[in-house]
Structures are given as C-alpha cells and as structure tokens.
2 protein chains.
Amino acid sequence: MNNLLQAQLKIVPEMPLLLQKRYKILMAILLAGEIGRRSLSELVHLTERETRKETDLLNQQGLITIRSAGMEITQEGKDVLDTLKDVIHEWSGLIQLEQQLQQTYNLSRVIIVPGDSEENNLAKSLLGQVAAKQLNCLTQPKQIVAVTGGGTIASIAEYLTQFVKQKTLTYVAARGGIGEEVQLQANTIAASFATATNGLSRTLYLPDHLSEEAYNMMMKEPVIKEMLELYDQTSVVIHGIGDAMEMARRRNSTPEEIQTIEQAGAVGEAFGYYFNKDGKAVHRIRTVGIQLKQLESVQHLLAVAGGSSKATAIGSYLKHAPPQTVLITDEGAAKELVKQNRDIN
Amino acid sequence: MNNLLQAQLKIVPEMPLLLQKRYKILMAILLAGEIGRRSLSELVHLTERETRKETDLLNQQGLITIRSAGMEITQEGKDVLDTLKDVIHEWSGLIQLEQQLQQTYNLSRVIIVPGDSEENNLAKSLLGQVAAKQLNCLTQPKQIVAVTGGGTIASIAEYLTQFVKQKTLTYVAARGGIGEEVQLQANTIAASFATATNGLSRTLYLPDHLSEEAYNMMMKEPVIKEMLELYDQTSVVIHGIGDAMEMARRRNSTPEEIQTIEQAGAVGEAFGYYFNKDGKAVHRIRTVGIQLKQLESVQHLLAVAGGSSKATAIGSYLKHAPPQTVLITDEGAAKELVKQNRDIN
DNA sequence: TTTTAGTTGGACAATATTTGTCCCACTACT
DNA sequence: AGTAGTGGGACAAATATTGTCCAACTAAAA
C-alpha cells in the first residue's frame, strides 16, 4: 500500500507541492471562516494572483463557495480536508522526518505538523491542536500536569476544550513568574488550562529568578515546599523550548548575565537551564520550579516548539532530553534540525 | 480507502492527466526497449518537445536511463509501472466504465485497457496481454479453445507464453480460411497459439465461404464432421468483432453481396453473421465453423476488440451476445460505446 | 441613511515558461 | 566508411503566468 504511494510519488513528483499548497489554502479558509482573496493570500504566503488561481480551482471542484462576500469552505471541502490529513503527512515525507528525529535524539515520539509556525499561522494552530490531542492521550484522570510559559504553550489553551476530555487534571506552574507578559507566564497558562478543561490549578506566585539568599529562604516556606512536592507527583510535563538569547532578554537578565550566557555558547533554554549546541547545560538560573533531575522521573514530557529559527535551540535541548520526551514541532523546525545535523556529519 | 482517492482527485484534479501521460510514456519505453525521443513521441502521440520534457523528468526520477544510444526503462521503472497498473485503472475512471458496459450489455465481465488501439500501439499490446491473462484464468487443463481470425486475435499470441501456464489446451480454428492474409486466419492463429503454449491445434483447411452445394457435401465428410463436433466440446471461444464493411471486403465478397449487406444496415460481424445496429443478425454467410447457437452453450466467450471506430460494430454484436461473454476492449472503443448509447436515449 | 472596509471579477502589460524545430556531435550497427 | 538513429543545445515564437490595478458590488457599521 505504501508501495503504491511511492510509485505515485516517483512518477508524479510535483504532486506533493500541489497537494500541500491547496491543502494549506483550504485549511486556511476553514480556519478563517469567511475570508477574502487578499487576506487569504497573506495568510498562506502566496501572491494574490496565485491564491486566486487556486481558489478558482477549488471553487470549480466544489470545495469552497465563493461569493462576493468572501470565500467559505463547503461540507465537501471539510470532508476532503479530513480525509487528506493523513495523506498530507505521508506525501510531505513528514513521517520519515519524524522517525529520523525520533531516532537521532532517542525520543519517545516525534510529531511534525506541516508548515512553519514562524511564517504561517496555520502551522501554529496545528501545533496547538496536536499538542492538545497528545495531552489528552498521555494523561489519566486526576493526574498532575506541569506547564511552563511561552507563547507556544499558551496557544494550546484554546484547543484544550475541544480535545481534552473531562479528567479533572491538576495543572501546576512548572516555574515562577518571569519578567515577561502575564499572558505568557507559567502561572497564567496553568490557570487557563484548568479553566479550559474544567480542571484545577496550582500556581507559583514567586519571581522565577531570585538571589541565593532569598531562594534558600523561600525553599523553606511551607507553602512553597508543598508546591514543590507536587513536582514529584507530576505525571506529564508540557513545556516549550526557547532561544537562549531571547529568553535572557525576556527574563530581563542583567547585561553581565547575558554576556556570561553568550560567552558560554548557550543557544537553547528550558526549565531555567541554558544549553550550548552540544546539549550541555552551560548555565543555570537558580529558578524556582521543576528541576532537571525531577524531569527524569516524570512519565511523559511534551516538548512543544516550532519555527525554523528555533531549530538550534530545539536541537540543543533534545541532545540530552529524557527519552520519554514526545516532541511536537513543525516542518520548518524539523527540516532545519536535520539540515544542521547533516552539516555536522 | 477509495474515499481517499476521491479526495485526492478533488483537490488535485490534474493528477490523472499527468499520471496517464507518464504512464503511457513509461509503458512505451518498456515495450519498445531501447528507443529514441523522436520514435517515442510518434508512438505516444506527443510532440517531440513534450516527450523530451517528460522523459527528462522520468530520467531524473530514475525510472529510465537515457544514453546516447536511446532510452531504456530501469528496474525501478518497471516496478513503478507494475505498481501503478491498478491505480491507472482507477484514476482513469475505467472501472466505472467497465461496470457500466457490463450492465448495459449484460455481460459476464468487461475489461478496458487505457488508450485507443487505433492510435496507440500500447493499447493494442495491452489488449493482447489482458486477453492472454484472461484466457489463462478461464481455462482448465486439457480444455478446447476455439479461436477466430483477425489482427486483434492474432496479436494475442505473443503474450501467451508469458501469461498462459502449461495446460495442454487444444486450439481449434473457429472458422475456415477466409480470403485474407494467412497471418490473420483462424487456422494460422490456432496453430500459433498452440505453439506458444505448448498445446495442440486442430485446423479447418476449408474456405470459409462456400456454395450451398459444396457446403452440404463437406458437412458430410468425416474429417470435417469430426472437426465440427469439437465445437460442441469447446470450453472457451476467443473471438474478435469486425466492422461489417471491412469484413465483407476482406472476405472478397461479391459486389452484389456487399450491396445486400449494406442495404440490410449491417455494421458488425462475428462468426459469419452480420449484425445491424440493433444487434439483429441481418445476414449470414454459410460459413464453415462454429455456429451462433453453439456459442450459447460454451462456458466462456472472450470477445476482444478495440479502437474507437470499431465501437459501432462492437455495440451491435454485444446487443445479443451471450451473457457469459467477457469483453476485452480499450478506452477509445468503450467511451465511444457509451457515447452512442447516450445519444440513443 | 451614508460610510467604510471588505469582497469578487475583469483587464492588461510585463514576465516566464512552454513549444516547435532546427542542427550538431555522437554511437551503434551494417 | 556509411547510415540511421540517438541525446542535447539552441532559439524564436507562441502561450501561460504573474503582479497589479480598477470597477462594481455587498454587508455591516456608524
């Protein structure tokens, strides 16, 4: 059966391009609801003319309706989209990519969504959807889920209601508040996850970054201690992977610290650890939150990060990521990852 | 699964065209062996430039090798071709056509090969291959197979060795020699079938067309009688369908007879009977050979005829063909057939 | 009601691509 | 040595694609 697919690919190699392009457009129309040609073309990064050509085609095929108020997907379009979901995966070679990454980094699983979430909102939204779905698969009722901050993780919230069934999960913030937007902090995200799924949440209202003295003191506080003990009971951690420099900036690190981090060759960040390109932790922030060692005993780790420019950061973290990690990323990052690996060898 | 195919067709409707075109070229290269661009383009009815574009593509895909001596198919190309055989059928909508014809004419089965054997040697050769394969499927060891004359039937011989397994079949000529080329006579064909399959053959060395007197006399001859009795033991008849006027000409019919036939509105011919467009036998030649009545008790009838211009003839015969008939034809004839049927209704 | 921001479809010149058609150097046979 | 066939290079002509307008229209907002 797979043989047949490969034969088709061999004899009509331009097929994946066409398929993906139209899939992207159709998906965009589905997600955007009623949308015009120009807005659409911006969304899918195609010229207005090309979008027009393709939408005309899709219209002719009865997959979309196209009235003077805008374009909308038809039921048939939705059906086609649904049927094609898996094929897209196969035709795009994403499955091979997934296997490749899973093996090179020794991970539990890799899921790649088509597109590049940096350029494309669709990919971003797919990333969130898939993450939500995975979260549902990996959790049992009443378990504890630790979540970190960042835009990618935050965006998962809107798909949770749809994909996560009633399980009364408890969401705990995996780290304290860092100097960034409230919407992107672990605290807020844990709370929003809880709201979306009718679950509970426990939050850490502490600055992420503390002086040694204050840190030690706080660790003795019963409220904090109790919270930290939750980390040992955590079943699933869902976290992002950040670019080192960007995280340092968002944390409002001092110029000296930034310099230290930079000189150490840090490229990626996760859980307060900065990793260089070989995956070694070269710098650590005395962070309040889940610790690297604790991660190893967690059942499932859901690493969600996409965008081609984040590839280096992702790679650096994955080098020593626990083997029970499930990576959810996008085509852009994945391709960049294997490219970088190729260049090394 | 079929759903998926339809979804693909919906979103990439140009796929069948590409697929078929390249399939045709690849098939042509396979059949022709080492062949040049210009000869090839003639074979597949494409301009030299387009053939070039496609062969370049196929070469790049590693499906053919392309040296200064000519182009040849690679093993991979053969594999692809083999895998794609069934898909081509589906994508081209031939399966639907087959079902349609099978129902309208109440036949046992219809097999349609892509292309038009009138314009395209590939279709012709496919027709032969499929017929050979079917013959293999429908026969049991030591059975008797009756064969008629004509180019289409004659061309089956070269594929018999490949497709028909050792069964020691006996081939009998279904009719006597008619005034045409030796190579196209039933006698010769029966003999060549026997040679190709290591079988036996019995031939009728009698003119097909006799005076009444001579006919009656001959029917009393023991040698002939014995031969004719074989027809009752025949398990499979494999026959062509001819255009009425063409057959009359090939038979060297007298001008008067031709006129009679023409006036009767005959369009098709088989087994010495001329049929008008309603399928009624309007003229009969006192032919030495298998009789229409005998056909009805034969287990399997393999009707092999292709080419769009033969559609009328094929249709006229099929109107009253025995229900155990298996029709093997080509896309050109099949499409023309349904078109004519549509025009009537 | 008017305004406004959005929509499609038409138009068209600029630009790319495809196409038909040569020719040339080469090769495998005769 | 001759010949019929080969692929690849080249290039003008034809055709298709592309970017970019604009006009007419629509629906919702003001």
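All chains are named by letter (A, B, ...) in the order of the sequence lines, taking the proteins before the strands, and each is independently numbered beginning at 1. Everything numeric in this text was worked out from a predicted model, so none of it was measured.
Between B:R22 and B:E50 there is no salt bridge, since no side-chain nitrogen of the basic residue lies less than 4.0 Å from a carboxylate oxygen of the acidic one. Under the 4.0 Å criterion applied to side-chain N and carboxylate O atoms, B:E331 and B:K335 are assigned as salt-bridge partners.
Separating the CD atom of B:Q60 from the P atom of D:dG7 is a distance of 17 Å, rounded to the nearest angstrom. In this entry the distance linking CD of B:E42 with C1' of D:dT6 reads 15 Å, nearest Å. B:D56 has its CG atom 16 Å from the P atom of C:dT17, to the nearest Å. Between the CG atom of B:L43 and the C1' atom of D:dT6 there is a distance of 16 Å, rounded to whole Å. Between A:E50 atom CD and C:dT15 atom P the separation is 19 Å, expressed in whole Å. Spacing between atom CG of A:L46 and atom C1' of D:dG19 amounts to 14 Å, rounded to whole angstrom units. As rounded to whole Å, 14 Å separates atom C1' of C:dT27 from atom CD of B:E72. If you take CD of A:E14 and P of C:dT18, they are 11 Å apart, rounded to a whole angstrom.
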Annotated protein contacts, base or backbone, on nucleotides 20-30 of chain D with a non-hydrogen cut-off under 4.0 Å, one of B, S, - each: BBB---S----
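Remark: the A:Q60 side chain and the A:D56 side chain contain no N/O donor-acceptor pair separated by less than 3.5 Å.
A donor-acceptor contact shorter than 3.5 Å links the side chain of A:T329 to the backbone of A:A305.
OP1 or OP2 of D:dT6 sits under 4.0 Å from a side-chain N or O of B:S39. Regarding contacts with the backbone of D:dT18, a side-chain N or O of A:K53 is found under 4.0 angstrom from either OP1 or OP2. Put simply, B:T47 has no side-chain N or O that comes within less than 4.0 Å of OP1 or OP2 on C:dT19.
Summarising the local packing, NZ of A:K124 is surrounded by 12 or fewer heavy atoms from other residues, nucleotides or ligands at distances under 6.0 Å.
Applying the salt bridge (charged side-chain N to carboxylate O under 4.0 Å, His left out) definition to pairs two or more places apart or across chains, those involving residues 25-36 of chain A are A:E34-A:R67.
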Going through the checks in order, is the salt bridge (charged side-chain N to carboxylate O under 4.0 Å, His left out) test met by A:E118 and A:K310? CA-CA 9 Å; A:E118 234 147 68; A:K310 263 197 182 172; over 6 Å; no
